[in-house]
Every structure is written in C-alpha cells, then in structure tokens.
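Quick caveat, the model's predicted, so the values are computed rather than measured. All chains are named by letter (A, B, ...) in the order of the sequence lines, taking the proteins before the strands, and each is independently numbered beginning at 1.
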Amino acid sequence: MARVTEEQVEAVRALVAAIPPGTVSTYGDIAEVAGLSSPRIVGWIMRTDSSDLPWHRVVPASGRPAPHLATRQLERLRAEGVLATDGRVPLREYRHIF
DNA sequence: TACCTGACAAGAG
DNA sequence: GCTCTTGCCAGGT
C-alpha cells in the first residue's frame, strides 16, 4: 500500500528545508532527488505533513504557483529577495540545484 | 468499493 | 506563450 516509504517523506522534508533563502526549487526536482515517482507526492507531503518547512520555496516548473497560494507564497519569497515578475518566479534566476 | 480531488510534470497540438 | 491529456500517489466522500 504505502509505496512511499517514510524515508522518502523524510528526504523530501530534508530537501525542502535545505533550500537556501533567496532561492527556489521545483516539485519535479525534489521528487526526482527524493526518489519519488511522481511530483504530485511532494505536493501531498506538503499538504498533509506541512510543518514549519519553507514550502514557499517550492514552486511548479512553470514558476507560476496555484492562484490561492500565489499571494502568500510570492509574498514570502519577495521577503527573501526572490522577486516574482507578473506572478511568475523566474526559475532561471533563482532555481536551486541540489 | 468507486470516483473525485489536489501545493504537479511533460508532451502534443 | 496557451490548453488538453496522461501518469502518478494518497486521502476524502
């Protein structure tokens, strides 16, 4: 049943926590590094296990977060120096490579 | 039990 | 650039 092991979840949380302030990463990158078969699992982990992780540093590959989160997320990122243009984060500039 | 939903990605048109 | 479709996983109704 649990195709996602506890270690994978911990890996995701560790990776998110390891993203330096002022930079961002994508769901796809985190899923790949953590060994997950789908980026959606990262979103699931964030939604259910959401602790004090810097979840705002994780954005879709398009750089455009979901509308209901974009406001808070972009606001937090801006406070860290990540400037979003037209509601979109320029990943080319701020993307953190693990 | 079955279907829908959700912090997504990648490819095709 | 955009939208649509498919694959992926777990939880809720």
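- Two residues, A/R88 and A/P39, neighbour DNA chain C, and the one matched to the more 5' nucleotide by heavy-atom proximity is A/R88.
- For A/A66, whose side chain is taken as the heavy atoms from C-beta onward, the closest listed nucleotide among B/dA7, B/dA10, C/dC9 is B/dA7.
- Distance, A/D86 CG to C/dG1 P: 11 Å, rounded to whole Å.
- Checked against B/dA7, B/dA10, C/dC9, the side chain of A/A61 finds its nearest nucleotide in B/dA10.
- Distances were taken from every side-chain heavy atom of A/S37 (C-beta onward) to each of B/dC8, B/dA7, C/dC9; the shortest belongs to C/dC9.
- What separates CZ of A/R57 from C1' of B/dA7 is a distance of 16 Å, to the nearest Å.
- Regarding A/L91, its CG atom lies at a distance of 14 Å from the P atom of B/dC8, rounded to whole Å.
- For A/R47, whose side chain is taken as the heavy atoms from C-beta onward, the closest listed nucleotide among C/dC8, B/dA9, B/dG6 is B/dG6.
- Under the 4.5 Å side-chain criterion, counting only non-hydrogen atoms from C-beta, A/M46 is in contact with A/V16.
- Rounded to whole Å, atom P of C/dG1 lies 10 Å from atom CZ of A/R92.
- A/E93 places no side-chain N or O within 3.5 Å of a backbone atom of A/V82 that could act as its donor or acceptor partner.
- The CG atom of A/D49 sits 14 Å away from the C1' atom of C/dC9 (whole-angstrom rounding).
- Heavy-atom nearest nucleotides on DNA chain B were determined for A/W44 and for A/P60, and the one closer to the 5' end corresponds to A/W44.
- Rounded to the nearest Å, the gap between the C1' atom of C/dC8 and that of B/dG6 is 12 Å.
- Considering only the side chain of A/L69, B/dA7 comes nearest among B/dA9, C/dC8, B/dA7.
- Out of C/dC2, B/dA7, C/dG11, the shortest distance to the side chain of A/R64 is found at C/dC2.
- Between the CD1 atom of A/I41 and the P atom of B/dA7 there is a distance of 16 Å, rounded to whole Å.
- Using a distance-only test at 3.5 Å, with no hydrogens or angles considered, no donor-acceptor pair links the side chain of A/R76 to the main chain of A/H56.
- Atom CD1 in A/I45 sits roughly 14 Å away from atom C1' in C/dG11 (whole-Å rounding).
- Side-chain contact between A/R88 and A/S62: absent, with no pair of heavy atoms (C-beta onward) separated by less than 4.5 Å.
- A 4.5 Å side-chain heavy-atom check between A/Y27 and A/I41 finds every atom pair outside the cut-off.
- One atom, CD of A/E6, and another, P of C/dA10, lie 12 Å apart when rounded to the nearest Å.
- When distances run from any side-chain atom of A/R40 to the nucleotides B/dA9, C/dA10, B/dG6, the shortest one goes to B/dG6.
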